[in-house]
Asks: 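I have a structure I would like to understand better, so I am pasting it below and will then ask my questions one at a time.
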Amino acid sequence: MAWRPQEGGLGEICGLLEQHISPTSDKSVIWKQLQHYKQFSDFNNYLAFIFAHAEGKSVEIRQAAGLLLKNNLRSSFRTLDPAHQQYIKSELLPCLGAADKHIRSTVGTIITVIVQQGRIFGWPELLQALVHCLDSNDLNLMEGALAALLKICEDIPQELDSEIPGLTERPIDAFLPRLFQLFKSPHVSIRKLSLGSINQFIILMPTALFMSMDQCLQGLFVLAHDPIAEIRKLVCAAFVQLVEVQPAVLEPHMRNIIEYMLQANQDADDEVALESCEFWSTYCEAQLDPELLREFLPHLIPVLLSNMAYAEDDESLADAEEDESIPDRDQDLKPRFHSSRSHGLDDMKDDDDEAVNIWNLRKCSAAGLDILSDVFGDEILPTLMPLVQAKLSTSDARSWKEREAAVLALGAIAEGCVIGLFPHSPEIVAFLIPLLDDKFPLIRSITCWTLSRFSKFIVQGVGHQKGYDQFNRVLMGLLQRVLDTNKRVQEAACSAFATLEEEAAEELTPHVAIILQHLLCAFGRYQKRNLRILYDAIGTLADAVGGELNQSRYLDILMPPLIAKWQLVSTSDKDLFPLLECFTSIAQALGTGFSQFAEPVFQRCICIIQSQLLAKASVDPLSAGVQYDKEFIVCSLDLLAGLAEGLGSGIESLAAQSNLRDLLLQCCMDDASDVCQSALALLGDLARACPVYLHPRLSEFLNVAARQLNPSEVKETFSVANNACWAIGELAVKVHKEVSPIVMTVVSCLAPILQQAEGFNKSLVENSAITLGRLAWVCPEMVALHMEHFMQSWCTALSTIRDDIEKEDAFRGLCATVRANPSGALSSLVHMCKAIASWHHIRSEDLHNDICQVLKGFKQMLNNGAWEQCMSALEPPEKEKLLNYLI
């Protein structure tokens, strides 16, 4: 018997929905009552009936029923009675042609959820209905079907490219020809929806679309001149995606497409101009032939420069007027993310802190000019520089946006046009310095950013008096802007100064006092958002000058306000993250000088980790007193690692009075990779500083670290594996034979990394070679058993490592292994000689002697010209290096 709603239940649910959409109702109470109805198995049937049939009710009530139905089906569709599933589906399909566009739109979202949950083959009637609607010539039916199809394409496009039992073709084969045909529709909505659906498939590039590419391109060329801006925007988006995933199909038409995109880049509609502007970066990143683009540069560069000026409605224009006394709004505080500590991996930072807000034509144009300068280098200067100079020469108030765009352009090309700009960099920097005092805040802020892009030039000049004077002027100019009253300028100046600090490093030593005075003065004035950047500038100063900071005259300026803030910020406040990072840099810079501040910092880190692990394990997060957030653990682990690095063995007394060892083991096994990564970095630092402290749980630490080197998972979690590998090596050189239980497991994991080095991260390969060497040093007989399987790739990896103490350890292991099994190294002797020749200078006399003995041993072992044959395979500089070992 067919399901029918009961009038009483129908009235109750409609009444609740009506109250729910009322602006004066208590939404939480109504929501609870609606949730109560979920216990009835046919509640979703009622919602489907109201959505499809409640003609006497308002569209808002029907739409509310539809949205509630969609949310319910997302979590419970698969568990519904099949009869109820079928009823809901049957009620939805007629709504595709509903007279009201809101109903048509909502039914598309519900249909998409059902397809997500039940797959397309579970609803064959849907495909028939969509095809029927598209072929109907009824505008409502066509719009409804296309809106549903677009939503399916956006969320689960692969479903339409799947085999359907009982059908001879895939759904996409039925839809593509119809969508292409609808490109020619006289109705704007039909053209827009059909092109939007096609665009969703371009990145996936199913076979059906690839085989229909000629028809697709012909349709795009027709729509390229559509009078509707939204459609032209979609055409531009299609060309951008195609040049990214299938540039070959565009090659016969590329000249025409470039001309079109250049024209679209000047479209009166900003969104069309923005979408087309993406083309230039995508073209260059696809590494297509630059020749074709080269001839268009004289036309393209002026367009990009023109579009780099602020638009009248740019939100930055309003924000730029805010002074430091206006509190930050919640939306100003963008989320920030901490990068887990990693041994030997470079931090990846975005150096364009100027681009804080939404992506727009100005920023996209600057990014386009930046990448053009990378590809074409100094070739763009003859076109660009006269335009920049002309804009900079204007002085009236009305043209300040043009001047600002010119300064932005100089920053955008600073790295790509490095050779052509270098001879003129002193003049460029000299021109920029006075702009730091310009009356327009956005000129002051962009000048800070552009000067940061010239940091390398500025620092390189300090060797002569003029260059040194200019460096001082830039340094003081940026510090004065750090204390600007405008928040936007403060932010740009602080970021720029941090970049200059990184480049200048020890050149900052004579200026530490004046830098600290300015930064700590800003500390008392900045609002929340800019405080985060200030912490970074302070931390970067510590990284740059290192131990120089460890003087009472500097610490008296630096530490009291930071300690006060440390005590003030709540353990559950995310503003603690940048402060933890700042303390990490300071602890590493001060070394043992940080010991006077260490205990409360150490204890708080332990407290944070403990409370966060408790919150994670709790069924009721509130019972732990804090909301779980793994970043608190990661930042605290990294600060403890900084303390271990800075204090050295001095951290043992702090650790001994805590449960750090147990917490650390727990974190090393955490299911969050960034927690695990930072925990393993701390394990390595503690192994260096106080291995005795780890001893009670040493075997557990070793086993946990070894498990992270599983060859099948290393590529996905290389940062974790990298730290695990390094930590094992650090433990090995401290506990020696006690690592023997895991040696063969680790060797069997490291060998494939070395043998397939080109497929792995460079740092992981280097750490693998070093750790293998350290294990070989402490357990040479074990490693020597299988050395012929990895000796060649091991030596190749060792050849690329810079001279340092870790390389010395690795070569001690190499020598010990060869002594234990000389014949195992014979087939790789040339590679071993190349690895030895990679040294510039070995500081350790013992290691030098070990290498001498190994080489002499092989020279004596080999006869009948075999040694000479080995030497002939070496390059002359390599042979010369080996003479240092008296062979």
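None of these values were measured; they are calculated from a predicted model.
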Asks: Specify the closest pair of heavy atoms between Glu652 and Cys690, including all atoms of both residues, with the distance to one decimal.
Replies: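 For Glu652 and Cys690, the tightest heavy-atom pair comes out as OE1-CB, 3.6 Å.
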
Asks: Roughly how far apart are Lys630 NZ and Cys676 SG, rounded to 0.5 Å?
Replies: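 Rounded to the nearest 0.5 Å, the NZ-SG separation comes to 11.5 Å.
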
Asks: In the structure I gave you, are the side-chain heavy atoms of Asp575 and Tyr535 within less than 4.5 Å of one another anywhere?
Replies: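 No, side chains not in contact.
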
Asks: With side chain to side chain donor-acceptor pair (under 3.5 Å) as the criterion, how do Asp638 and Thr584 come out once you've worked through the C-alpha distance, each side chain's angles and the decisive distance to 0.1 Å?
Replies: CA-CA 7 Å; Asp638 288 351; Thr584 302; over 6 Å; no

Asks: What do the steps show when you test Phe583 against Leu643 for side-chain contact (heavy atoms from CB on, under 4.5 Å), and what is the final call?
Replies: CA-CA 9 Å; Phe583 268 109; Leu643 287 174; over 6 Å; no

Asks: Would Asp846 and Ser844 count as a side chain to side chain donor-acceptor pair (under 3.5 Å) here? Give the steps.
Replies: CA-CA 5 Å; Asp846 288 344; Ser844 165; 5.1 Å; no

Asks: Does the His848 side chain pair with the main chain of Asn884, one donor and one acceptor, at a distance under 3.5 Å?
Replies: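 Side chain of His848 to backbone of Asn884, a donor-acceptor pair under 3.5 Å: yes, one is there.
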
Asks: Do we see a donor-acceptor contact under 3.5 Å between the side chains of Gln755 and His789?
Replies: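 Checked: Gln755/His789 side chains show no N/O donor-acceptor pair below 3.5 Å.
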
Asks: Within the 4.5 Å heavy-atom criterion, are Lys456 and Glu415 side-chain neighbours or not?
Replies: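 Of all side-chain heavy-atom pairs linking Glu415 with Lys456, none is under 4.5 Å.
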
Asks: Would you say that Met832 contacts Leu798 through its side chain, given a criterion of any heavy-atom pair below 4.5 Å between the two side chains?
Replies: no

Asks: Using side-chain contact (heavy atoms from CB on, under 4.5 Å), reason through Lys737 and Cys779 one step at a time and then give a plain yes or no.
Replies: CA-CA 6 Å; Lys737 297 282 184 187; Cys779 299; 4.3 Å; yes

Asks: Compare every heavy atom of Leu709 with every heavy atom of Ala724, then report the nearest pair and how far apart it is.
Replies: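 Taking every non-hydrogen atom into account, CB-CD2, 4.5 Å.
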
Asks: What I want to find out is whether Arg843 reaches Glu808 closely enough, with some N-O distance under 4.0 Å, to be called a salt bridge.
Replies: no

Asks: Before we go on, tell me: are the rings of Trp777 and Phe811 under 6.0 Å apart, centre to centre?
Replies: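 No, the ring of Trp777 stays outside the 6.0 Å limit from the ring of Phe811, centre to centre.
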
Asks: Please check if the number of heavy atoms outside Glu845 that lie under 6.0 Å from its CD is greater than 12.
Replies: no

Asks: So do the side chains of Leu613 and Asp670 get within less than 4.5 Å of each other, counting heavy atoms only?
Replies: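 SC-SC contact between Leu613 and Asp670 confirmed.
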
Asks: Using only atom types and a distance under 3.5 Å, with no angle test, would you say the side chain of Thr771 pairs donor to acceptor with the backbone of Cys725?
Replies: yes

Asks: Under a 4.5 Å cut-off applied to non-hydrogen side-chain atoms, are Phe602 and Phe597 in contact?
Replies: no

Asks: Have Ser823 and Asn821 got a donor and an acceptor in their side chains that come within less than 3.5 Å?
Replies: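 Yes.
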
Asks: If you count the non-hydrogen atoms of other residues, nucleotides and ligands that lie under 6.0 Å from CD in Glu599, is the total more than 12?
Replies: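 No - once you tally the heavy atoms of other residues, nucleotides and ligands closer than 6.0 Å, there are 12 at most.
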
Asks: Using only atom types and a distance under 3.5 Å, with no angle test, would you say the side chain of Tyr693 pairs donor to acceptor with the backbone of Arg661?
Replies: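 Between the backbone of Arg661 and the side chain of Tyr693 there is a qualifying donor-acceptor contact (under 3.5 Å).
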
Asks: With rounding to the nearest 0.5 Å, note down the distance linking CD1 in Ile156 to CD in Gln116.
Replies: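 Between Ile156 CD1 and Gln116 CD, I get 5.0 Å after rounding to 0.5 Å.
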
Asks: Do any N or O atoms from the side chain of Ser828 and from the backbone of Ala825 form a donor-acceptor pair under 3.5 angstrom?
Replies: no

Asks: With no hydrogens and no angle check, is any side-chain donor or acceptor of Asn723 less than 3.5 Å from a backbone partner on Gln677?
Replies: yes

Asks: Just how far is it from atom OG1 of Thr817 to atom CE of Met782, taken to the nearest 0.5 Å?
Replies: 12.0 Å

Asks: With a 4.5 Å cut-off on side-chain heavy atoms, are Leu702 and Glu738 touching?
Replies: no

Asks: Can you name the nearest heavy-atom pair linking Phe760 to Pro752, along with the distance?
Replies: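 Answer, listing the atom of Phe760 first, then Pro752: CE1-O, 4.1 Å.
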
Asks: Closest approach of Pro206 and Asp161, non-hydrogen atoms and distance?
Replies: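 Heavy atoms of Pro206 and Asp161 come nearest at CB-OD2, 3.3 Å.
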
Asks: Under 3.5 Å, side chain of Glu730 to main-chain N/O of Trp726, donor-acceptor pair present?
Replies: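 Such a contact is absent between Glu730 side chain and Trp726 backbone.
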
Asks: Judged by atom type as modelled, is there a donor-acceptor pair below 3.5 Å linking the side chain of Asn703 to the main-chain atoms of Ser699?
Replies: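 Present.
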
Asks: Taking the side chain as everything from C-beta on, heavy atoms only, tell me whether Leu614 gets closer than 4.5 Å to Tyr628.
Replies: no

Asks: For a side-chain contact (heavy atoms from CB on, under 4.5 Å) check, start with the C-alpha distance between Ile586 and Met559, then their side-chain angles and the critical distance, and finish with the verdict.
Replies: CA-CA 10 Å; Ile586 292 169; Met559 294 309 293; 4.1 Å; yes

Asks: Looking at Arg697 and Asp662, is any side-chain nitrogen of the basic one under 4.0 Å from a carboxylate oxygen of the acidic one?
Replies: yes

Asks: Apply side-chain contact (heavy atoms from CB on, under 4.5 Å) to the pair Ile608 and Leu576, showing each step before the final yes or no.
Replies: CA-CA 11 Å; Ile608 291 169; Leu576 199 57; 3.6 Å; yes

Asks: When rounded to the nearest 0.5 angstrom, what is the spacing between OG in Ser636 and CD in Gln610?
Replies: 11.5 Å

Asks: One thing to verify: whether Lys616 and Asp629 come together as a salt bridge, which I'm taking to mean a side-chain N less than 4.0 angstrom from a carboxylate O.
Replies: no

Asks: Would you say Asp543 and Ser585 are linked by a side-chain donor-acceptor pair, where the criterion is simply a distance under 3.5 Å?
Replies: yes

Asks: Search all heavy atoms of Asp685 against all heavy atoms of Ala641 and return the closest pair with its distance.
Replies: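 For Asp685 versus Ala641, the nearest heavy atoms are OD2-CB, 3.4 Å.
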
Asks: Hey, does the side chain of Gln603 reach the backbone of Ser658 with a donor-acceptor pair shorter than 3.5 angstrom?
Replies: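 The answer is no, because no donor-acceptor pair under 3.5 Å joins these two groups.
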
Asks: May I ask you to say whether Asp850 pairs ionically with Arg812, meaning some side-chain N is under 4.0 Å from a carboxylate O?
Replies: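 Looking at Asp850 and Arg812, the cut-off is not met.
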
Asks: Using the salt bridge (Lys or Arg N to Asp or Glu O under 4.0 Å) rule, collect all pairs that involve residues 874-885, keeping only residues at least two apart or in two chains.
Replies: Lys834-Glu878

Asks: How many angstroms lie between atom CG of Leu640 and atom CG of Leu686, to the nearest 0.5 angstrom?
Replies: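 Those atoms lie 8.0 Å apart.
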
Asks: Quick one: CG on Leu654 to OG on Ser595, what's the gap to the nearest 0.5 Å?
Replies: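 These two atoms lie 9.0 Å from each other.
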
Asks: Lys807 and salt bridge (charged side-chain N to carboxylate O under 4.0 Å, His left out): which partner among Asp804, Asp809, Asp803?
Replies: Asp803

Asks: Check whether Trp566 reaches the backbone of Leu579 with its side chain - one donor and one acceptor, N or O, closer than 3.5 Å.
Replies: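 Such a contact is absent between Trp566 side chain and Leu579 backbone.
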
Asks: Give the minimum heavy-atom separation between Ile851 and Cys815, together with the two atoms involved.
Replies: CG1-SG, 3.8 Å

Asks: Could you tell me whether the side chain of Ile753 reaches within less than 4.5 Å of the side chain of Phe718, counting heavy atoms only?
Replies: no

Asks: Ion pair present between Lys762 and Glu766, side-chain N to carboxylate O less than 4.0 angstrom?
Replies: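 Answer for the salt bridge query: yes.
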
